[in-house]
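Each remark here refers to the structure printed beneath this line.
Bear in mind that the values here come from a model prediction, so they are computed numbers and not experimental data.
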Amino acid sequence: MPSKRSMASLPLLIATLSCSLPPPSANADVRQVQPVTSASPQLPRNTVQGSGRKFELDFVFSGSVTGEMVTATSTAGLCDPSEPSIESILSGSIGTRHAVAQFVTDRRAGPIGGAFVLNAGGHSYSSFAAHYTLGRDLTSGSLAADLGEAPRSAEIHVTGSWRCV
């Protein structure tokens with residue numbers, strides 16, 4: 001289970017993510033999202049802000065949002081093994097759709113629980129029962145989670161891995 005410090009910052013991070021996307025229209029469909037046409041002008045893809053560290057990413061989504069997230073930019077903390085927890089926001093795309101994903105978990109090797117939030121198409125999906133496995137290097141790991149948009153049950157399944165290089 002993530003530490004109280006990690007979980008205490010989650011509502012603020014979820015609110016930040018929710019505010020970063022435009023509100024959905026009455027007829028919004030997750031599959032009808034504006035395509036991503038260019039990479040972030042501030043940061044090359046698969047780079048962590050403030051550190052220049054690079055990472056590899058392969059998240060696969062199925063259900064209401066389908067596709068892979070293999071390129072993104074990340075907030076600081078993803079590749080810093082000295083931090084007690086991972087609280088990172090990934091901004092990238094799933095297929096051609098813009099998406100923002102956040103994961104929060106304690107930073108310790110082995111299986112551990114945590115939270116995962118996905119914002120795509122003006123919808124926010126979350127799980128506070130995500131399953132992470134962190135590598136001994138504390139900068140790589142894998143993820144499996146079933147995400148739902150409150151109050152509905154799981155609508156999206158995500159699996160994947162990341163590795164800082």
Side-chain angles (χ1 to χ4, degrees), residues 6 9-10 13-24 28-83 85-105 107 112 114-127 130-149 154-165:
S6 297
S9 65
L10 190 59
L13 292 170
I14 290 171
T16 301
L17 286 170
S18 297
C19 293
S20 68
L21 296 172
D29 182 333
V30 171
R31 291 177 174 88
Q32 299 173 354
V33 183
Q34 293 296 326
V36 175
T37 56
S38 65
S40 169
Q42 300 91 3
L43 203 60
R45 291 297 193 191
N46 293 20
T47 302
V48 178
Q49 291 176 353
S51 73
R53 295 266 330 247
K54 303 274 187 191
F55 61 93
E56 296 172 352
L57 175 69
D58 186 16
F59 288 165
V60 178
F61 296 86
S62 59
S64 297
V65 174
T66 302
E68 288 184 282
M69 179 183 273
V70 294
T71 61
T73 57
S74 174
T75 56
L78 178 66
C79 296
D80 185 353
S82 68
E83 290 290 323
S85 60
I86 298 174
E87 300 175 18
S88 291
I89 298 173
L90 300 171
S91 179
S93 61
I94 299 173
T96 60
R97 293 175 232 111
H98 178 69
V100 177
Q102 174 194 4
F103 51 103
V104 177
T105 188
R107 191 181 300 268
I112 189 168
F116 189 89
V117 179
L118 173 68
N119 279 288
H123 296 268
S124 181
Y125 305 91
S126 60
S127 172
H131 301 278
Y132 292 92
T133 302
L134 270 64
R136 289 184 179 179
D137 62 2
L138 303 179
T139 62
S140 63
S142 62
L143 156 74
D146 292 314
L147 311 174
E149 183 176 31
E155 301 173 51
I156 298 171
H157 182 72
V158 58
T159 58
S161 61
W162 75 96
R163 182 175 74 91
C164 296
V165 291

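- Shown here are the side chain to side chain donor-acceptor pair (under 3.5 Å) partners of His157, two or more places apart in sequence or in another chain: Asp146.
- Take Thr139 and apply the side chain to side chain donor-acceptor pair (under 3.5 Å) test, not counting sequence neighbours, and it matches Asp137.
- Taking 4.5 Å as the limit, every side-chain heavy atom of Phe103 sits out of range of all side-chain heavy atoms of Leu143.
- Judged purely by atom type and a 3.5 angstrom limit, Ser88 has no side-chain atom pairing as donor or acceptor with the backbone of Ser74.
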Problem set entry | side-chain contact (heavy atoms from CB on, under 4.5 Å) between Met69 and Val158, intermediate numbers included | CA-CA 10 Å; Met69 179 183 273; Val158 58; over 6 Å; no
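- Residues Leu57 and Leu90 share a closest heavy-atom pair of CD1-CD1, 4.0 Å.
- For Ile94 against Thr66, the heavy-atom pair with the smallest separation is CG2-O, 3.8 Å.
- Leu134 is linked by a side chain to side chain contact (heavy atoms under 4.5 Å, CB included) to Ile86, Thr105, Arg107, Ile112, Tyr132, Trp162, counting only residues two or more places apart in sequence or in another chain.
- Considering OG of Ser126 and CG of Leu147, their distance stands at 7.5 Å, rounded to 0.5 Å.
- His98 places no side-chain N or O within donor-acceptor distance of the main-chain N or O of Ala120, the cut-off being under 3.5 Å.
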For this session: Mind running side-chain contact (heavy atoms from CB on, under 4.5 Å) on Tyr125 and Phe61 for me, showing each step along the way?
Result: CA-CA 12 Å; Tyr125 305 91; Phe61 296 86; over 6 Å; no
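- Residues Val117 and Ser124 form a side-chain contact, since some pair of their non-hydrogen atoms from C-beta on lies under 4.5 Å apart.
- Glu56 pairs by the side chain to side chain contact (heavy atoms under 4.5 Å, CB included) definition with Arg163, Val165, not counting sequence neighbours.
- For Glu155, the salt bridge (charged side-chain N to carboxylate O under 4.0 Å, His left out) test picks out Arg152, with sequence neighbours left out.
- Note that OG of Ser127 is 11.5 Å distant from CG of Leu118, once rounded to the nearest 0.5 Å.
- Distance check, rounded to the nearest 0.5 Å: CD of Gln102 to CG of Asn119 gives 9.0 Å.
- Annotation for Phe116 and Ala101: closest pair CZ-CB, 3.7 Å, computed over non-hydrogen atoms.
- When every heavy atom of Ala145 is checked against every heavy atom of Ala130, the shortest pair comes out as CB-CB, 3.8 Å.
- The two residues Cys79 and Phe55 come nearest to each other via the heavy atoms SG-CB, 4.2 Å.
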